[in-house]
Amino acid sequence: MKEGFMLIDKMENISNYTSVIPEDVLTFLKNMSKDIVPGRYEFSNDNFINVETYNTKTLADAKFEAHKKYADVQLLLSGQERIYYTKISSLTNDVVYNQDKDIMFYPEPVLGAKYEVLDGTNFMYLEPEDAHAPQVCADITPESVKKVVVKIKVV
């Protein structure tokens, strides 16, 4: 599997990534209100966006996950959370893949991995080669967040 790239940038620069984020999705993101109703929003080429609200979790409850069919763009509309990340090549390769949900979870601990704090001003783009542990509280106390996860079909 090729080594992809993960990127972290400011929301004001998201339009610079037309090579990885489809134009119809970029247009939607640029015009999206923070009051958008949680749910699934469909786009061309099997791309979609999930808008969700939840309480962040502690680091002890975090697990690395990865996908095979979709790249992710993750951004927050309210609150803060940490997303830990590493390449799947550094993790156990004997994990169960759920094809229906396009997800696999890894047993390695998240503690010690690199992370980024999403706070509404930035976003992360993660390719299938990028294992990530999202939804982790940015501080020691879990908080309520509203998040957008863009799923871009790559396979």
Side-chain angles (χ1 to χ4, degrees), residues 1-11 13-14 16-22 25-26 29 38-43 45-155:
M1 186 176 279
K2 72 176 179 62
E3 280 293 314
F5 73 96
M6 181 209 58
L7 67 91
I8 302 162
D9 203 346
K10 296 287 185 189
M11 282 303 299
N13 298 326
I14 199 165
N16 296 338
Y17 298 100
T18 56
S19 63
V20 293
I21 305 173
V25 174
L26 281 173
L29 291 174
R40 181 174 167 135
Y41 298 81
E42 302 280 340
F43 295 88
N45 301 318
D46 293 326
N47 300 320
F48 62 95
I49 290 176
N50 284 327
V51 177
E52 44 199 37
T53 58
Y54 55 84
N55 288 325
T56 55
K57 55 190 164 196
T58 64
L59 185 58
D61 293 327
K63 288 187 183 272
F64 281 119
E65 64 181 60
H67 315 288
K68 290 186 178 185
K69 299 177 196 170
Y70 288 88
D72 282 2
V73 177
Q74 300 198 16
L75 59 106
L76 288 178
L77 297 176
S78 66
Q80 293 186 6
E81 78 174 47
R82 288 184 187 185
I83 299 182
Y84 289 78
Y85 58 92
T86 191
K87 292 294 182 190
I88 62 171
S89 59
S90 70
L91 301 172
T92 303
N93 61 6
D94 186 25
V95 295
V96 176
Y97 172 64
N98 182 325
Q99 187 170 351
D100 293 337
K101 294 183 178 182
D102 185 40
I103 198 163
M104 53 198 145
F105 292 99
Y106 294 87
E108 283 84 356
V110 173
L111 183 64
K114 294 179 184 176
Y115 67 87
E116 181 68 23
V117 176
L118 294 185
D119 62 7
T121 67
N122 56 351
F123 70 94
M124 280 181 93
Y125 171 83
L126 300 142
E127 290 200 332
E129 297 82 13
D130 301 316
H132 49 286
Q135 302 183 357
V136 180
C137 55
D139 225 337
I140 57 171
T141 306
E143 69 175 287
S144 178
V145 301
K146 188 171 189 179
K147 185 176 190 178
V148 175
V149 178
V150 180
K151 304 298 275 186
I152 300 168
K153 191 160 188 177
V154 294
V155 174

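All figures in this text were calculated on a predicted structure; none of them were measured in a lab. FYI, the numbering just counts along the sequence from 1.
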A.B. asks: So with a 6.0 Å cut-off around OH of Y115, is the heavy-atom count from everything else above 12?
C.D. replies: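 For Y115, atom OH is not crowded (no more than 12 foreign heavy atoms under 6.0 Å).
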A.B. asks: Grab the two heavy atoms, one from T18 and one from L26, that are nearest each other, plus how far apart they are.
C.D. replies: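 So the minimum-distance heavy-atom pair works out to CG2-CD1, 3.6 Å.
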A.B. asks: Kindly determine whether E81 and L76 satisfy side-chain contact (heavy atoms from CB on, under 4.5 Å), including the steps that lead there.
C.D. replies: CA-CA 8 Å; E81 78 174 47; L76 288 178; 4.0 Å; yes
A.B. asks: Using the side-chain hydrogen bond (donor to acceptor under 3.5 Å, both in side chains) rule, take Y97 and Q99 through it: C-alpha gap first, then chi angles, then the decisive distance, then the call.
C.D. replies: CA-CA 6 Å; Y97 172 64; Q99 187 170 351; over 6 Å; no
A.B. asks: For the side chain of N47 and the backbone of P22, is there at least one donor-acceptor N/O pair under 3.5 Å apart?
C.D. replies: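 No, N47 side chain to P22 backbone: no donor-acceptor pair under 3.5 Å.
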A.B. asks: Donor-acceptor pair, distance only, cut-off 3.5 Å: does the side chain of Q135 make one with the backbone of K57?
C.D. replies: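 No.
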A.B. asks: Might you confirm whether atom CG of N93 has over 12 heavy atoms from other residues, nucleotides or ligands at distances under 6.0 Å?
C.D. replies: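 Result for CG/N93: open.
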A.B. asks: Grab the two heavy atoms, one from N50 and one from F48, that are nearest each other, plus how far apart they are.
C.D. replies: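 Of all heavy-atom pairs spanning N50 and F48, the closest is ND2-CE1, 3.5 Å.
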A.B. asks: Do I88 and Y106 touch side chain to side chain, with heavy atoms closer than 4.5 Å?
C.D. replies: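 In short, these two side chains touch, coming nearer than 4.5 Å.
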A.B. asks: Atom CD of E65 and atom CG of L126: how far apart are they, to the nearest 0.5 Å?
C.D. replies: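 Nearest 0.5 Å value for the CD-CG distance: 9.0 Å.
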A.B. asks: So do the side chains of L7 and F123 get within less than 4.5 Å of each other, counting heavy atoms only?
C.D. replies: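 Of all side-chain heavy-atom pairs linking F123 with L7, at least one is under 4.5 Å.
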A.B. asks: On a heavy-atom basis, which atom in A66 and which in H132 lie closest, and how many Å separate them?
C.D. replies: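 Closest heavy-atom pair between A66 and H132: CA-CE1, 4.5 Å.
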A.B. asks: NE2/H67 to CG/D130 distance, rounded to the nearest 0.5 angstrom?
C.D. replies: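 So the gap between those two atoms works out to 10.0 Å.
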A.B. asks: With a 3.5 Å distance limit and no angle check, can you tell me whether K147 reaches the backbone of G79 through a side-chain donor-acceptor pair?
C.D. replies: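 Such a contact is absent between K147 side chain and G79 backbone.
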A.B. asks: Is a side-chain donor or acceptor of D102 paired with a backbone partner of K69 at a separation under 3.5 angstrom?
C.D. replies: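 Yes.
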A.B. asks: With a 4.5 Å heavy-atom cut-off, do L118 and M124 have their side chains touching?
C.D. replies: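 Yes, at least one pair of side-chain atoms sits under 4.5 Å.
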A.B. asks: If you apply the rule side-chain hydrogen bond (donor to acceptor under 3.5 Å, both in side chains), what do you find for D119 with T121, and how did you get there?
C.D. replies: CA-CA 6 Å; D119 62 7; T121 67; 2.6 Å; yes
A.B. asks: I would like to know whether R40 and E42 meet salt bridge (Lys or Arg N to Asp or Glu O under 4.0 Å); could you show each step before the answer?
C.D. replies: CA-CA 7 Å; R40 181 174 167 135; E42 302 280 340; 2.5 Å; yes
A.B. asks: Closer than 3.5 angstrom, by distance alone: can the side chain of N122 be matched with the main-chain N or O of V117 as a donor-acceptor pair?
C.D. replies: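 Checking the backbone N and O of V117 against the side chain of N122, a donor-acceptor pair under 3.5 Å is found.
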A.B. asks: Report yes if some heavy atom in the side chain of N45 is under 4.5 Å from a heavy atom in the side chain of K153; otherwise report no.
C.D. replies: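 Side-chain contact under 4.5 Å: no.
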A.B. asks: Hey, does V73 have a side-chain heavy atom less than 4.5 Å from the side chain of I152?
C.D. replies: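 Yes, side chains in contact.
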A.B. asks: Could you tell me whether the side chain of Y70 reaches within less than 4.5 Å of the side chain of D46, counting heavy atoms only?
C.D. replies: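 They are in side-chain contact.
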A.B. asks: The test is side-chain hydrogen bond (donor to acceptor under 3.5 Å, both in side chains); show your working for T92 and E108 and say whether it passes.
C.D. replies: CA-CA 7 Å; T92 303; E108 283 84 356; 2.3 Å; yes
A.B. asks: Looking at E143 and C137, would you say the former's side chain and the latter's main chain have a donor-acceptor pair under 3.5 Å?
C.D. replies: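 No: the side chain of E143 does not pair with the backbone of C137.
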A.B. asks: Test D72 against Q74 for side-chain hydrogen bond (donor to acceptor under 3.5 Å, both in side chains), laying out the working first.
C.D. replies: CA-CA 6 Å; D72 282 2; Q74 300 198 16; 3.0 Å; yes
A.B. asks: Supply the atom-to-atom distance E52 CD to L77 CG, rounded to the nearest 0.5 angstrom.
C.D. replies: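 CG of L77 is found 10.5 Å from CD of E52.
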A.B. asks: Measuring from atom NZ of K114 to atom OH of Y85, what distance do you get when rounded to the nearest 0.5 angstrom?
C.D. replies: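 The OH atom of Y85 is 5.5 Å from NZ of K114, to the nearest 0.5 Å.
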A.B. asks: side-chain contact (heavy atoms from CB on, under 4.5 Å) with V145: which of T56, N55, T53?
C.D. replies: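 The single option meeting the side-chain contact (heavy atoms from CB on, under 4.5 Å) with V145 is T56.
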A.B. asks: Is there a side-chain contact between Y84 and L59 in this structure, where contact means two heavy atoms from C-beta onward sitting under 4.5 Å apart?
C.D. replies: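 Yes. Closest side-chain heavy atoms under 4.5 Å.
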A.B. asks: Quick check: does any side chain N or O of S78 sit under 3.5 Å from a backbone N or O of K146, one acting as donor and the other as acceptor?
C.D. replies: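 Yes; at least one donor-acceptor contact below 3.5 Å.
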A.B. asks: So, do L29 and I49 sit near enough that their side-chain heavy atoms are less than 4.5 Å apart?
C.D. replies: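 When only atoms from C-beta onward are counted, I49 and L29 do touch, with a gap below 4.5 Å.
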